[in-house]
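Read the numbers this way: they start at 1 and go in the same order the structure lists the ligands and their atoms.
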Amino acid sequence: MNTNYHDDNGDEVDSMLCIPFSRLIKSGFIITKCSDNTVLFVNVGGEAVKEEGNCAISVVADRFFDGGDVLRTDERIIDAGDMPAIYQSARFGNFSYRFSNLSPGEYFVDLQFAEIVNINGPKGMRVFDVFIQEEKVVSALDIYSIVGANKPLQVVDIRVSVGLDGVVVIRFQGVCGSPVVNGICIKQASRVPDQEEHEYVICSNCDTEIEISSCQKQNIRIKSTAKLERKIEELKNLCQLKSEECYQAWMSLTAANEQLEKVRMELDNKYFQNLRLDQAMGKQAAKLKDISSRYEYDKKHWLASIRELERKVETMKQEHSQLSSEAHNCADSIPELNKMIFGVQALVAQCEDLKLKFSEEQAKRKKLYNQMQEAKGNIRVFCRCRPLSKEETSAGYATVVDFSAAKDGDLGILTGGSAKKIFKFDRVYTPKDNQADVFEDASPMVVSVLDGYNVCIFAYGQTGTGKTFTMEGTEQSRGVNYRTLEQLFKVVEERKETFTYNISVSVLEVYNEQIRDLLATAPASKRLEIRQASEGFHHVPGIVEAKVENIKEVWDVLLAGSNARAVGSNNVNEHSSRSHCMLCILVRAKNLINGECTKSKLWLVDLAGSERLAKTEVQGERLKEAQNINRSLSALGDVISALATKSNHIPYRNSKITHLLQDSIGGDSKTLMFVQVSPSEQDLGETLSSLNFASRVRGIELAPAKKQVDANEHQKFRLMVDKLKQELRSKDDALRKLEENLHTAEAKAKDKDQLCRNQQEKLSEVEVQLASKTELSRQLEKQVLRLSRGMKEKDEICSKFQLKVQEPENKLKDREHTASMTLQHKEQSTYSSEKLQVTPNMVSVLKAEKDSPNIRSLSSTTRTINVESELLKGTDSLRELRRKKQIQSKGSENSFNSFLLSAPLVDKRVPSAESNKARQIDPSKAFSRITRSGTKSVTTGQRAFSDNNFNRDQVRGGKESSSRLKMWLR
Ligand code: ADP
Ligand code: MG
């Protein structure tokens, strides 16, 4: 009997069926095999089928489904049984069937399958599970591997219990590719099939029950047992072998893992080292950038400065050349300058000569002036008559003075009736003449004091006739004293080029023949006496000599003296009239041209009243006072008289006043006397007395003989005076011209000198500047050179640093490369050592070991890196670096991944002889498979290496490998 109900892959086929007593039948549906208790038969994906004859089975159209698609074919299904049509339509995809309204109880489900090709459905492999009531009834069913293409396959007698809800749910779920089913048949279970009870076996190909004898049965059993025992023995040996292999592999894997770990650690170290280097490089780059930017900035700055300096140097050079040319010009003009110097020297000599001449001329002028003054008279007498006072006018006093010939210096006094006495004076001032008129005539005399002559001006007359008025005056109409000093300062200012003057003022009072210093702040300890210091110079030792610089100071001094003047009391006039007030102006002059020094005095004397003693009704002290006044005035008269008569003896010492005025009256000295008279008839006697005294002083008696001067002589004298005057004027002009010439020559010489000096200074200055600028530019150039050298050094350092950075990077890359190479090599060596003996089980072992500590350590390392990367997320740059590193290390990671994948690859690369064996593909099947997949160029061998194939093997070997691993671990 050729009953072959168990073929070689019977075990594997059985492992697909999860429900006991369910069977696979590798042929089509046979109606006769179908029992009467069929509840429902669905032609999946097709229409209802009505069979002819006595068969009561009705196949209904495709209903009850949920999901999936329909596929149909017109291909002939080989060995399709009685109803081939049901195999020509099918449902594929993920779908389920729900049958309801079934009465509760036990049922059998038969499933009709066929691997139909040349359809419009999905190509490729179909491995799928079938669940009934959510219980897996068929596991990883691959129709093709069992029956091939276009052949039917039945899974029958899948026992299922239907509950009170009367529902049966059949779900198809793909494991690889989409599930497919052609028919579903639900049968009422009347009995539990028990093959043991039967005396027959069922053919697995045609489901035919074959009756066998007990002997045969015994033989089969024995054979089967022996076969099984042999198989168990073989399997044990194989298991032992595989366990050892596994152990070896595991050991080598552990070692590889350790090495991998090491490499990883090293890689990590390198990575961090690289990171650090990157950071350092980044810093250095930033530094370098900073330095270079600074350098750029400095360079720009220095370039600008250099340019500026160059420009300056250029301009300086230009200036220098200009100055040089100027200097050359100057040098060229030196002969001219020399000529000029000679000219100037000649001018100076001329000037000296002129100076000499000028001095001589000045002396001559002085002499002439003096002569002129002398010609006018060294003693001059001016008569001044005051106006009638209000009192006199109101009292009705008449005027006894006749001014009809006043212009000629004649003053007539009406002595009573028609009698008229004529007095002759140098000048006669009427009451109408003011202070300025009076001074105008006195001023030439005053100026003599600056020429070194002593001058004395005094006012004589009865009290109340205007002595003080003439000399001091009032603030509104200043007198001679003030005007004299004013004139002096004016002339001093005019002569400041040629003379320096030192003017000091003393104010004295002579009272009762005693000298009193009116400027002294404290009373003198001893009597002031007159001493003769040198020939012709008398002075009072201890007297205050107030130095005056300007007219303001003069006024202050005058006021101080006036205030200090003793005030007596009598019934005629105030005390001032009883004393002589004397203002002494001491002039020290220096001729700046010839260095001649002179010392001269100007006395301005306000004499005491000259009224006769009889008029004063005084006794004792007042009498003595009056007597002293009279005596002193008489003495003055005597002195003047003696001088006029050119007497041998001049009685200066008879009174203090004449003694004081000794060097200012007589000789070269000029004397001017103002005789003050009253116009009132009341004062006629005193007026006559005063006029007589004055006439005596003038030295001209009223006597006609003396009065009448010879006309020819006079004319001659006048002519001489005029000539002298003219000469003087022309000399003055010439002098002035000479002075001007001298001044201009001097100024020119000075200017030239100054110009020459300035140019020389400028030249030396510019030379110094040029030298300093050249030095500066040289320094700047040096600095720039230094800077550029520094920059070069920096560049070199940077490039060195980059090289340094590159070195570890290259090393790292090398290491990574070597690591990956080693790994690959190891892989290959492992493979070669295994000599392609790794079976799909090995993959399962590797898969199982994913959870082993070593693998876990690997994954933990990966996790560590991830954590590190999390830490590094702090900065973008670090993340960026990390990203770069990831890109860089992708190769290494790939190598690592490839290592991880190497386990499946082991499976992939192993020639699937066994899998082929397991699948038992015959050439015709393989060919049909090619046509089914529709891949023309892909060969069967190539397909065996595809991932899908791996999955298929993996799935298949899953269960077995896990049990083997468990065994090995034990
Ligand atoms: P003396 O000093 O001689 O005693 P004063 O100078 O004091 O006299 O003069 C007496 C008065 O006469 C004063 O009030 C003075 O103002 C007045 N007087 C004198 N001379 C003149 C003059 N020429 N014009 C106007 N008034 C005068
Ligand atoms: Mg007076």
Side-chain angles (χ1 to χ4, degrees), residues 381-395 397 399-401 403 406 411 425 427-442 457-483 507-511 516 518 558-559 561-583 604-612 615-616 618 622 625-626 628-630 632-633 636 657 673-680 682-691 693-694:
V381 181
F382 295 165
C383 179
R384 191 180 191 189
C385 180
R386 70 161 171 82
L388 272 175
S389 66
K390 281 178 186 168
E391 292 81 29
E392 286 167 339
T393 316
S394 58
Y397 290 119
T399 305
V400 292
V401 186
F403 297 107
L411 184 80
F425 296 106
R427 237 1 256 268
V428 172
Y429 299 106
T430 66
K432 285 175 189 164
D433 291 320
N434 59 23
Q435 300 281 61
D437 298 329
V438 171
F439 182 71
E440 198 184 320
D441 297 309
I457 299 172
F458 56 86
Y460 177 91
Q462 185 193 355
T463 299
T465 50
K467 295 185 294 294
T468 308
F469 184 79
T470 298
M471 295 312 285
E472 289 179 17
T474 59
E475 204 170 341
Q476 288 76 35
S477 49
R478 308 270 194 208
V480 172
N481 293 359
Y482 184 85
R483 285 175 196 267
V507 186
L508 304 174
E509 185 189 54
V510 178
Y511 176 68
R516 210 172 130 226
L518 292 181
L558 294 182
L559 213 65
S562 182
N563 290 340
R565 203 167 174 192
V567 178
S569 66
N570 57 47
N571 57 356
V572 179
N573 214 322
E574 63 265 32
H575 165 83
S576 63
S577 295
R578 315 310 318 154
S579 64
H580 309 292
C581 181
M582 305 174 79
L583 175 71
L604 297 159
V605 187
D606 179 9
L607 290 168
S610 63
E611 56 272 10
R612 279 165 297 175
K615 264 210 169 175
T616 56
V618 289
R622 289 283 175 265
E625 199 180 74
N628 276 329
I629 291 164
N630 281 343
S632 63
L633 291 177
L636 183 64
I657 188 161
M673 180 175 135
F674 285 103
V675 59
Q676 300 284 143
V677 290
S678 158
S680 169
Q682 184 199 0
D683 299 318
L684 182 64
E686 287 300 328
T687 304
L688 284 172
S689 168
S690 295
L691 289 173
F693 178 83

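- Every residue was checked against the salt bridge (Lys or Arg N to Asp or Glu O under 4.0 Å) condition with Arg483, not counting sequence neighbours, and none meets it.
- Thr463 lies apart from the Mg ion (ligand 2) in this respect, since none of its N, O or S atoms is found at a distance under 2.8 Å.
- Not a single heavy atom of Pro431 sits less than 4.0 Å from an atom of ligand 1.
- Between Gly461 and ligand 1 there is no heavy-atom distance shorter than 4.0 Å.
- Contacts of Arg384 with ligand 1, taken as heavy-atom pairs under 4.0 Å, involve the side chain alone.
- Residue-ligand proximity, Gln462 to ligand 1, at heavy-atom distances under 4.0 Å covers atoms 3 (O).
- In this structure, Arg386 pairs ionically with Glu392, as a charged nitrogen and a carboxylate oxygen lie closer than 4.0 Å.
- For Ser690 and Thr687, the side-chain atoms include no donor-acceptor pair closer than 3.5 Å.
- Other residues, nucleotides and ligands place more than 12 heavy atoms under 6.0 Å from the CZ atom of Phe403.
- In this comparison of Thr468, Asp433, Thr463, the heavy atom closest to atom 7 (O) of ligand 1 sits on Thr468.
- No N or O atom of Arg386 sits closer than 3.5 Å to an N or O atom of ligand 1.
- Every residue was checked against the salt bridge (Lys or Arg N to Asp or Glu O under 4.0 Å) condition with Glu472, not counting sequence neighbours, and none meets it.
- At under 3.5 Å, a nitrogen or oxygen of Gly464, whether backbone or side chain, sits near a nitrogen or oxygen of ligand 1.
- The shortest N/O to N/O separation between Gly466 and ligand 1 falls below 3.5 Å.
- Residues Thr470 and Gln676 have side chains that bring a donor and an acceptor to within less than 3.5 angstrom of each other.
- For Met471 against Ile457, the heavy-atom pair with the smallest separation is CE-O, 3.8 Å.
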